[in-house]
Amino acid sequence: MEGGYFHVPASAVLDEGREPYVIVIPPPNVTAALHMGHGLNDTVQDVLIRWRRMQGRAALWVPGTDHAGIATQNVVERRLAAEGITRDQLGREEFLRRMWEFVTATGGTILDQLKAIGCSCDWERTRFTLDDDLQRAVREVFVSLYEKGRIYRGEYIINWCPRCLTALSNEEAEGEEAAGTLWHLRYPIAVVGAGTDLQRIAAADGSRVGRLADGTYYVVVSTTRPETMLGDTGVAVHPKDPRYELLIGARVKLPLTDRDIPIVADAAVDPEFGSGFVKVTPAHDPNDFEIASRTGLALLDVMTPDAHMNDAVPPEFRGLDRFEARKRVIAALKEQGLFEGEQTHTHAVPHCYRCHTVVEPRLSLQWFVSMKPLAEPALRASRDGTITFTPKHWQRVYEHWMENIRDWCISRQLWWGHRIPVWYCACGEVIVPREDPKSCPKCGGTQLEQDPDVLDTWFSSQLWPFSVFGWPRDTDDMKAFYPGHTMVTAPEILFFWVARMIMMGYEFQGAAPFTEVYLHGTVRDMKGRKMSKSLGNGIDPLEVVRAYGADAMRYTIVSQCAVGTDIALDHENVEAAFSNGRNFANKIWNAGRFALMSLGDAPVRPLEDVADTLVLEDKWILSRLQHATATATENLTRFRLHEYAEGTYHFFWGDVCDWYLELVKSRLAAGADPVSREAARSTLVVVLDQAMRLLHPIIPFVTAELWSTLPVPSGETRADDLIVARWPETNPRWVSTDAERRMAGFQELIAEVRRLRKEYGIPEGGRIAIHVWGGADGFPALVRDQVAALEQLARVNRVETGAGQGIGAHAVLTSGVELFVPLEGVIDVGHERGRLREEIAKLEGLHAGTTKKLANESFVARAPVEVVQKERDRLTQFEEQASKLREKLASLEGVGA
RNA sequence: GGUCGCUUAGCUCAGCGGUAGAGCACCACGCUCACAUCGUGGGGGUCGCAGGUUCAAAUCCUGCAGCGACCACCA
């Protein structure tokens, strides 16, 4: 089967010297089920891989799955929760056993689903991010980065998911606009420097120092998270703020607590914003943490890992959920007259990208990668064009991110994933080894404890372009297939994944993992919403495959795949959504079957042998074929996939089916002239052969089936299967602008005859004569030779090349050629005249009525403007229709001709 | 707040300096021996609004309006 062609051994490159073309799949989550997003992503990759394979490249598409840390662990934890079990109850070892059990049982089905949509991955190379080989790569990278000082451990404010109970990277905390509240609180001033005149400060211009009923002065601070005030350890003002300069060093009483906290100066405070006083909560806000580290303010953590208030807060708040605590804090402050007011405030609230819980900034000891040095070569590669982005504007987005890159928190408090390869010895030694240690190299002790955390899923994903080839071992695969070529993915994971792969590629291989990044759009429904399980607006690709075939699904998707645009599919009418692709696949099948039948079993001569006997349509379709070939290649090269799809579609359906097949029908028939027939057969075989090749990357199944039964011209050889047949190249020998011009004229003539037939009600089955004359280049004479074609396409059985006259229909073509269709005896002219007169009279009646209506002043004055306008439009419509009919009538009276 | 993008036929969207396009939907006719998942013909758009550049603009520039995306530590 064709699957045999999917496998590409390193020897194809290293021994046979074939040029590689490598795509590594964006590995779907191991337990994922195929959705339309995959359908799009993987179809695009398959189109590219099939195309490059046909070009003779050693085209390798490496498949695999990702262990997807949090996502997968969450799934299993939910299942356990249904049984009333938590992971802590099971313990790490047992929990991991259950994880593997689940992943082994349900994992990898997505790969079978990819096969169903025709993905030609090298399945023998299927990888999983937790495979031994890949574990080795992760270990090597971690240790190596640590040794270079690019991985460090430290206590910082990180994004914390209180539900998943783990740290998140900045990218994993997704901001969402939310209409929140900005609360203004009063902190009473407790201690001021000697001689500080509070009354004067309070009276200063723009001062937000006020006075309570009991005479105590207070400062106003603002916050969107009032519960964090319990963890405040200071209040900050700008060092140059003229209003408050004198308060620096003073102390305020932190409401609801028994603590006094200092007022400090820090340049990060914007005097223009709010009151100019900033409450500082160093353990729960990254800015405040920075302020504290500069000013020496204490750190006070007031929350538990699951975001409840801890024992550091007053008893009445202990154990409260953070949002409940928020309400109580506000209520308590109001009670004490320390509530200044509130206002609505829209701001971006970060949410966990896996479970959507509001992220809590939390002071925590974590592992980080210092990114700046890694970013440098990755940034350069983009700027100097080593790596290109399609669409281009993502280059700027990428560079902006790289320029402002922040350190990456890579430790996760999960169990499912790559365990952090760090051991701690009781003696204090931190061991980061390539092989699991048995004893402490410093003290020799054997009481070693491995770091309990695992690495961010993306830490292993970022190594995918080389970890799949066995690195850090020195493998032939690495030599043959790294670096790769094209990365096809969605913009959502540009930072998560693409950017990091590039950085790792430079850091560990000295080369970018690919040279082209193609970012396709998102699959959406007709309301523009992203397809998702929770919205219930998804379409199951496999259902589409079952109902209409993989070819139909692939074509429909790719034909919408314009650079930089999303894909809209109607989940409420799946048939309509995919009818385009279904119809096309069906059309190819029918046309192919018909052609094969018409060609018969007799040997077909090579095109060269019959070159002298080719007629207009043969030369024309061969020329069209050259254009179709050139544009298909060009479009694929530039990732203009929808143009590739639509271009081949119109070539095949329009040129090949509607015109060429119709034109050669009679020539292929049993009694036809043998010379003409052989010319048609040879041409048809070439056209079909190449058309199947051009269509194959997008419509692999139908084309391969037809191609396998297509006759091979005598003396020629070809590949055994279409999947490895050579991608066509343009042959200038068959480009004929002359044939295309003449054919265009002929096509226009046919269209005009058909139109006139409809217009004058000439019965569909009846034969007619036409007169053709005028023009400059002997076109009428050419037409005379095409009687068979005219018969076939327009039911014309006689052509006169002189001017026609009498009663009939007349038209002038763009070339200046004139056409006349005699109507006497063809239709009942008298009856037609009568009918026309009736119609004209009717139109005149309507016209008069409308005119009268518009003359009615009260109507014009009172009716809505658009109604009046509609009446006016009708008037002109009637006029136009009537004048058309009058012209027609005139021609029937023998005046026009 | 910053950056970028979008606004074209009833719907979904291409086109991005030279006489308005596709698919679907719609109307009419047609069981012509590949295909009714079809064929033939047809209707339908002042290309968001207002200016400007140009011989020529849907296409370039400016402003405005509406929508959207991404980034961002203004409490």
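Proteins get letters first, then strands, A, B, ... in listed order; numbering begins at 1 in each.
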request  = Would you please say whether a donor-acceptor pair under 3.5 Å links the side chains of A:Thr228 and A:Lys279?
outcome  = yes
inquiry  = Quick check against the 3.5 Å criterion: does A:Ser293 have a side-chain atom that pairs as donor or acceptor with the backbone of A:Glu290?
reply    = yes
Partners meeting salt bridge (charged side-chain N to carboxylate O under 4.0 Å, His left out) with A:Glu342 (sequence neighbours left out) = none
ask   = A:Asn583 side chain N/O closer than 4.0 Å to the phosphate oxygens (OP1, OP2) of B:C24?
value = yes
P spacing across the pair B:C13 / B:C6, given as an integer number of angstrom = 13 Å
inquiry  = Check the orientation of A:Tyr518 and A:Phe639. Use parallel for under 30°, tilted for 30 to 60°, and perpendicular for over 60°.
reply    = parallel
Give me, pair by pair, the N or O atoms of the protein and of nucleotides 4-10 of chain B that are less than 3.5 Å apart, along with how far apart they are.
none

query = Taking OP1 and OP2 of B:A72, is either one under 4.0 Å from a side-chain nitrogen or oxygen of A:Arg406?
reply = yes
task = Hunt down any stem RNA chain B takes part in, defined as 3 or more consecutive Watson-Crick or G-U pairs whose two distances are each under 3.5 Å.
result = B:1-7 with B:65-71, B:10-13 with B:21-24, B:26-30 with B:38-42, B:48-52 with B:60-64
message = Between A:Glu575 and A:Arg582, does any side-chain N to carboxylate O distance fall below 4.0 Å?
response = yes
Set out, line by line, the N/O atom pairs under 3.5 Å between protein and nucleotides 15-18 of chain B.
none

ask   = In whole Å, what is the span from the NE2 atom of A:His347 to the P atom of B:A75?
value = 7 Å
ask   = Among residues 648-663 of chain A, which residues get a heavy atom nearer than 4.0 Å to RNA chain B?
value = A:Tyr649, A:His650, A:Trp653, A:Cys657, A:Asp658, A:Glu662
For nucleotides 27-33 of chain B, tabulate all protein N/O to nucleotide N/O atom pairs closer than 3.5 Å, reporting atom names and distance.
{"from": "B:C29", "atom 1": "O2'", "to": "A:Glu764", "atom 2": "OE2", "distance (Å)": "3.1"}
{"from": "B:C29", "atom 1": "O2", "to": "A:Lys758", "atom 2": "NZ", "distance (Å)": "3.3"}

task = Return the orientation label for the A:Phe389 and A:Tyr398 ring planes: parallel under 30°, perpendicular over 60°, tilted otherwise.
result = tilted
task = Mind running a 4.0 Å heavy-atom check of residues 272-291 of chain A against RNA chain B and sending the residues that fall below it, in number order?
result = A:Phe273, A:Val278, A:Asn287
query = Going from CG on A:Asp232 to NE2 on A:His284, what distance comes out if it is rounded to the nearest 0.5 angstrom?
reply = 10.0 Å
message = In whole Å, measure the gap between the C1' atoms of B:G43 and B:A25 for me.
response = 13 Å
Any residue meeting side-chain contact (heavy atoms from CB on, under 4.5 Å) with A:Arg524, in chain and number order, not counting sequence neighbours = A:Thr522, A:Lys530, A:Asp566
inquiry  = Quick check for you: to the nearest 0.5 Å, what is the distance between A:Glu155 atom CD and A:Leu363 atom CG?
reply    = 4.0 Å
key: Whether A:Thr223 side chain and A:Arg225 backbone form a donor-acceptor pair below 3.5 Å   = yes
request  = Please list, chain by chain and in numerical order, all residues satisfying side-chain contact (heavy atoms from CB on, under 4.5 Å) with A:Pro711, sequence neighbours excluded.
outcome  = A:Leu596, A:Leu599, A:Val604, A:Val685
query = How far apart are the C-alpha atoms of A:Glu172 and A:Tyr353, what are their side-chain angles, what is the distance that settles it, and do they pass the side-chain hydrogen bond (donor to acceptor under 3.5 Å, both in side chains) test?
reply = CA-CA 5 Å; A:Glu172 288 169 323; A:Tyr353 86 133; 3.2 Å; yes
Interatomic distance at P, B:G42 relative to B:C55, whole Å = 37 Å
key: Derivation of the salt bridge (charged side-chain N to carboxylate O under 4.0 Å, His left out) call for A:Arg406 and A:Glu171   = CA-CA 10 Å; A:Arg406 288 176 289 167; A:Glu171 289 70 33; 5.7 Å; no
With sequence neighbours excluded, residues passing side-chain contact (heavy atoms from CB on, under 4.5 Å) with A:Arg208 = A:Val220, A:Tyr244, A:Ser275, A:Glu340
ask   = Is A:Arg396 paired with A:Glu399 through a side-chain N to carboxylate O contact shorter than 4.0 Å?
value = no
task = Not counting sequence neighbours, which residues clear side-chain contact (heavy atoms from CB on, under 4.5 Å) with A:Asn580? List them please.
result = A:Tyr555, A:Ser559, A:Tyr649
message = Whether A:Lys530 contacts B:A69 is assessed here as follows: a side-chain N or O lying under 4.0 Å from the phosphate OP1 or OP2. Is that the case?
response = no
request  = Indicate whether OP1 or OP2 belonging to B:G41 is found under 4.0 Å from a side-chain N or O atom of A:Arg754.
outcome  = yes
task = Quote, to the nearest angstrom, the P distance that separates B:C33 from B:G39.
result = 14 Å
inquiry  = Under the rule for salt bridge (charged side-chain N to carboxylate O under 4.0 Å, His left out), what residues qualify as partners of A:Glu748, not counting sequence neighbours?
reply    = none
